[in-house]
Structure formats: structure tokens, C-alpha cells
Amino acid sequence: MNGTSTPPAITIPREILSLRDLEAKCLETMAPMVRDYLYDGAEEGHTIRENLEVWNRWLVVPRMMRDTSAVDLTPRTNQFNRSWSLPLGIAPSAMQQLAHPSGEKATAAAARSMNIPFGLSTFSNYTIEEVKDSGGDSVVGLQMYLLQGRRDLNLELVKRAEAAGYKAIVLTVDSPVPGNRPGLIKSNFVMPKHMRFRNFSEDFGGPLDQAQDTQFNDPSSVTAVEAGSAIASEPTRTQDQATKSRGNQLIVDPSINWERDMKWLRENTSLEIWVKGILHPLDAEEAIAHGASGIMVSNHGGRQLDTCVSALDALPAIVEQVSGRVPVHLDGGIRRGGDIFKALALGADFVWIGRPVWWGLEVAGEEGVRWVIQTLKREFEVVMKLMGCRKVGEIEREMVIPKTALMSMGSSY
Ligand SMILES: Cc1cc2nc3c(=O)[nH]c(=O)nc-3n(C[C@H](O)[C@H](O)[C@H](O)COP(=O)(O)O)c2cc1C
Ligand SMILES: CCCCCCC(=O)C(=O)O
């Protein structure tokens, strides 16, 4: 479906007005173990909270009387060689069948109906090909972790993505090892038996099983964690439960490095290579030097390294360093249309969402995901009009100021 088609009508209850309302609805039914995985954050959850709070530390300064009766929300420039209905995409997240039986297929179909891009996680419950069939041209990226001792599997995934018509490999670089996630241990998280990592023909256990096993062996690492609104409350599992995993483990390669691994990817694919998980300007420079087509500024939704900087705070220095050579995208904590505006004003070309998609999936499957996208679109449109911007290209850096600057300048910014 292209951007001019009308998406199907949405029947989410009228009293649900914002993504926050949808989240509350989702939490009424979501199984505790799924909730714990979704909200999971590294250690004490400081970065998860930071990802949500950072948006309110930037204030907007609107312009008036600019005739915003009609607003064009399409991104400033094409991304993945095509035009999208708004500068928003769906970030890769693993195991979406946890939220709905149609999992990634439902999410991709919703992205297609709204003409926004979708990134598929390596650790999905539907295959590269099934998801492409469901999401069509919206399915642009296959996210990959490089697997320890199994480059054969990585190569197979790359070739399947090429054959299926994906545009990009999205290499996640912020996860040489799983973060410390004590919440997962406390909730005894294991992917349910009826679900599989269907991109692999063998019945593998996932990298998080491995993480839990490692953490389990160190009792001092088991601490209470509060992540967002979810508080892990289940009893700690036994050693027996922790080591009961499926056959072989898929383990992410902790020796991942720029020189060897970007070269390997470059030599093995004609697809664009995007690097996901950049927070330092010099890493953006490394990515470009090693052939990246684009950069995703991200802290993995606060799931990897606790107290690490938010993507929004990291963004301006990275944009300056990159200086237009490749597109710069951002994810982490986007929950309102105004958040999209602020990220673009600070220099992002495009933004992505993770957890809100699960709220939509849990409440109403594909329809729920579409509702999430439509709600963000509607909010973004109103914010654009109130800010005096008729198109994305009119969003200016000066339209956002940090609260701290306002305080130090008195009232005359
Ligand atoms: C449940 C869940 C699973 C995720 N799985 C992956 C993954 O497989 N690969 C990856 O690169 N990022 C993964 N992420 C991180 C997202 O791509 C994204 O960076 C993050 O969710 C953005 O933050 P937000 O959830 O606040 O929107 C996952 C995030 C969540 C919440
Ligand atoms: C090495 C980290 C593997 C995590 C797999 C899924 C994911 O990215 C997440 O849960 O976050």
C-alpha cells in the first residue's frame, strides 16, 4: 500500500486518547512475565526513566501566523530510497509473539498500511520471508547481532534478507553481551515452548537465556529492579530452571569490533549497513569510516547499560560530527508527537519506536499497532501546526531550547 491509500478504520475504545492510555489498557491484560521482559531495563532502570524524562527538559518556542492550514508530514529526505508518510518507523524488537499470536507479521502489516518503515529483529518469531510478505515495502531492515562462532548463520540471514528484498542490515553494536537485567531473572523469563526463533532451523535457546544463566550463577547480581511501571515480583528461579534451555545457545559475539566486523559485512552484502546503538560522536565517525549508510542513535531502550546517556542528549554532538554525510536516526522514549518534533529539531532525520508497538499488539494486534502510529501522526500534525511549521523542512534548531539555558538566561531567550 502506498502513502495515498486510506488505512482501515480503527476501533480502539474512545476513552483511550494517548499512548499512555493505551499502555495502561495493555497492562490490564499483559502476562507478568511478558510485562517484565517488555519493561526490562538494565540494573536499576535509571536510563529507562531518563529516556522518558529527557523530553521534558527541552522546551519548544513556537512561531505564529504562518498559515498552517495544510501540513506536509513527509520526511525532509527519502530514507531507504523511498518517501514515507511521516519521519517515524518501528524499531526492531525480539519475540513479538509474546504480545500477540501474529507478532511481527501484525506489526509489519500495520507499518505497511500506514506507509512507515519496519525493522525486523534477528530474534523474531516469524521469518524474514513471512514478515516481508506481510509488510511489503515497509519491511526495510533486518537487525542483526553477530553470533559467536556462527558467522555461517549470520551469512545465511544476510543472503535471505537480500533475496527477500530488504534494503538494509541494521547492525546492533550496543550489545557485545546482554546487559545486566535482574528483572528477567526474578520473573524466570524463558521464551514459551510454543514459540521459536523461526529464522533459525535449529531449535536454539536465545542470548537472554545465556544471560540469565550467567547472572544466576552469581547470587550477588540478583537485586530488585523497578523498570518503568513494571515491578518484577516473582520468586527467583532455581538453578535447575535456569540451566534448562533449548539445545544449543545463540550467543552474541563479545569480540565484535569495527575493523573486522564492518569489513566482513561490507564484503558479504550489497545492502545498506546501518549501525544501531551509537551514543558517542567518535563512534559515529568510526561507523562512517567503515562504510555505514546510516546511524541510529540509541541506548537500546535503556536495556543494556544503566545510567548511560539518553539518545536525545547524545544527538546534537553526533549530528554535528556527522555533518550530513549520512542520515542520523534516533530511538528511545518517543511517546508523543511532540517528541518526534523535538528530535527532528535537534537534528535527527527520522525517529523509531519500540515498546509502544507492544502496547498496540497486546490490546488489538495489527489494529492496535496502527492506532499507535495514527495517534503519533495526529499528535505530530497538531504540534507542527502550533509550532508554525508547514513541512518538516521548516523545523528549526532554534525552536527548541533546554530548560537549563532558559534558567541561566533569565526570561529573555
Ligand atoms: C521488548 C524489546 C525487545 C527488543 N529487541 C531488540 C532486538 O532484538 N534488537 C535490537 O537491536 N533492539 C531491540 N530492542 C531495542 C529497540 O530496538 C529500541 O532501541 C528501543 O525499544 C527504543 O526505545 P523505546 O522502547 O523506549 O521506544 C528491543 C526493545 C524492546 C522493548
Ligand atoms: C545480547 C542481547 C540480546 C538481546 C536480544 C533481544 C533484545 O535485544 C532485547 O531484549 O533488548
Side-chain angles (χ1 to χ4, degrees), residues 19 23 26 30 33-42 45 47-55 88-99 103-104 107 118-125 141-148 169-181 183-184 189 191 197 199 204-212 214-215 227-228 230 249-254 256 274-279 296-305 308 310-312 329-336 339-340 343 351-362 372 376:
L19 267 58
E23 176 184 22
C26 156
M30 187 169 256
M33 192 183 73
V34 177
R35 181 200 62 192
D36 289 343
Y37 173 60
L38 177 63
Y39 283 88
D40 190 27
T47 297
I48 288 202
R49 288 187 290 276
E50 180 69 6
N51 284 356
L52 299 176
E53 286 161 11
V54 65
W55 304 97
L88 174 77
I90 297 182
S93 59
M95 297 180 273
Q96 292 181 19
Q97 256 191 338
L98 287 168
E104 295 85 2
T107 308
F118 169 84
L120 180 67
S121 166
T122 291
F123 294 115
S124 55
N125 299 128
L142 174 68
Q143 176 274 334
M144 275 202 350
Y145 291 108
L146 293 182
L147 303 168
Q148 189 171 43
I169 299 297
V170 178
L171 181 66
T172 300
V173 296
D174 57 22
S175 307
V177 293
N180 289 322
R181 301 184 188 183
L184 284 190
F189 181 82
M191 188 170 69
F197 295 120
N199 283 324
F204 284 114
L208 292 171
D209 287 353
Q210 174 69 19
Q212 292 167 76
T214 308
Q215 289 167 345
Q249 295 285 318
L250 285 170
I251 299 173
V252 177
D253 188 347
I256 182 171
W274 283 64
V275 176
K276 175 173 182 284
I278 296 295
L279 292 168
M296 298 196 168
V297 182
S298 169
N299 61 27
H300 207 116
R303 297 161 78 80
Q304 282 297 101
L305 179 62
C308 94
S310 72
L312 191 71
H329 293 194
L330 169 144
D331 73 29
I334 299 241
R335 304 291 181 264
R336 293 172 295 182
D339 301 341
I340 304 176
V351 302
W352 300 72
I353 48 171
R355 292 180 182 85
V357 165
W358 288 57
W359 306 338
L361 275 178
E362 171 74 20
V372 166
L376 285 172

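Each ligand, and each atom within it, is numbered from 1 in the order the structure gives. As the structure is a computational prediction, the values presented were derived from the model and not from experiment.
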Give the atoms of ligand 1, by number and element, whose distance to some non-hydrogen atom of [X] is under 4.0 Å.
{"X": "W358", "answer": "1 (C)"}
{"X": "G301", "answer": "19 (O), 20 (C), 23 (O)"}
{"X": "S298", "answer": "19 (O)"}

> Is a side-chain donor or acceptor of R303 paired with a backbone partner of Y37 at a separation under 3.5 angstrom?
Replying inline: yes
> In this structure, which one of N51, D174, T47 forms a side chain to side chain donor-acceptor pair (under 3.5 Å) with N299?
Replying inline: N51
Where ligand 2 meets [X] - atom numbers and elements under 4.0 angstrom, heavy-atom basis:
{"X": "R303", "result": "9 (C), 10 (O), 11 (O)"}
{"X": "H300", "result": "7 (C), 8 (O), 9 (C), 11 (O)"}
{"X": "A94", "result": "6 (C)"}

Among all protein heavy atoms, pick out the one at the shortest distance from [atom]; state its residue, atom name and that distance to 0.1 Å.
{"atom": "atom 2 (C) of ligand 2", "value": "P178 CA, 3.9 Å"}
{"atom": "atom 18 (C) of ligand 1", "value": "D331 OD2, 3.3 Å"}
{"atom": "atom 4 (C) of ligand 2", "value": "Y145 OH, 3.8 Å"}
{"atom": "atom 8 (O) of ligand 1", "value": "S121 OG, 2.7 Å"}
{"atom": "atom 5 (N) of ligand 1", "value": "A94 N, 3.0 Å"}
{"atom": "atom 1 (C) of ligand 2", "value": "V252 CG2, 3.5 Å"}
{"atom": "atom 7 (C) of ligand 1", "value": "Y145 OH, 3.6 Å"}
{"atom": "atom 3 (C) of ligand 2", "value": "P207 CG, 3.6 Å"}
{"atom": "atom 11 (O) of ligand 1", "value": "T172 OG1, 2.7 Å"}
{"atom": "atom 10 (O) of ligand 2", "value": "Y37 OH, 2.7 Å"}

Compute the shortest N/O to N/O distance between [X] and ligand 1 and return yes if it is under 3.5 Å, no if not.
{"X": "A91", "result": "no"}
{"X": "R355", "result": "yes"}
{"X": "I353", "result": "no"}

> So, F197 versus F204, ring centres under 6.0 angstrom or not?
Replying inline: no
Option set [options], criterion heavy-atom distance to [atom], minimum:
{"atom": "atom 1 (C) of ligand 1", "options": "K276, R303, R335", "result": "R303"}
{"atom": "atom 9 (C) of ligand 2", "options": "M95, Q143, R181", "result": "R181"}
{"atom": "atom 14 (N) of ligand 1", "options": "G41, G354, P92, P207", "result": "P92"}

>> I'd like to know if the side chain of S124 pairs up with that of E104 as donor and acceptor (distance under 3.5 Å, no hydrogens or angles considered).
In response: no
> Without hydrogens or angle criteria, can the side chains of E50 and S310 be said to hold a donor-acceptor pair below 3.5 Å?
Replying inline: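 There is no such pair between these side chains.
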> Has Y37 got any heavy atom lying under 4.0 angstrom from an atom of ligand 1?
Replying inline: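 Contact check Y37 vs ligand 1: positive.
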> Counting heavy atoms only, which part of H300 comes closer than 4.0 Å to ligand 1: side chain, backbone, both or neither?
Replying inline: both
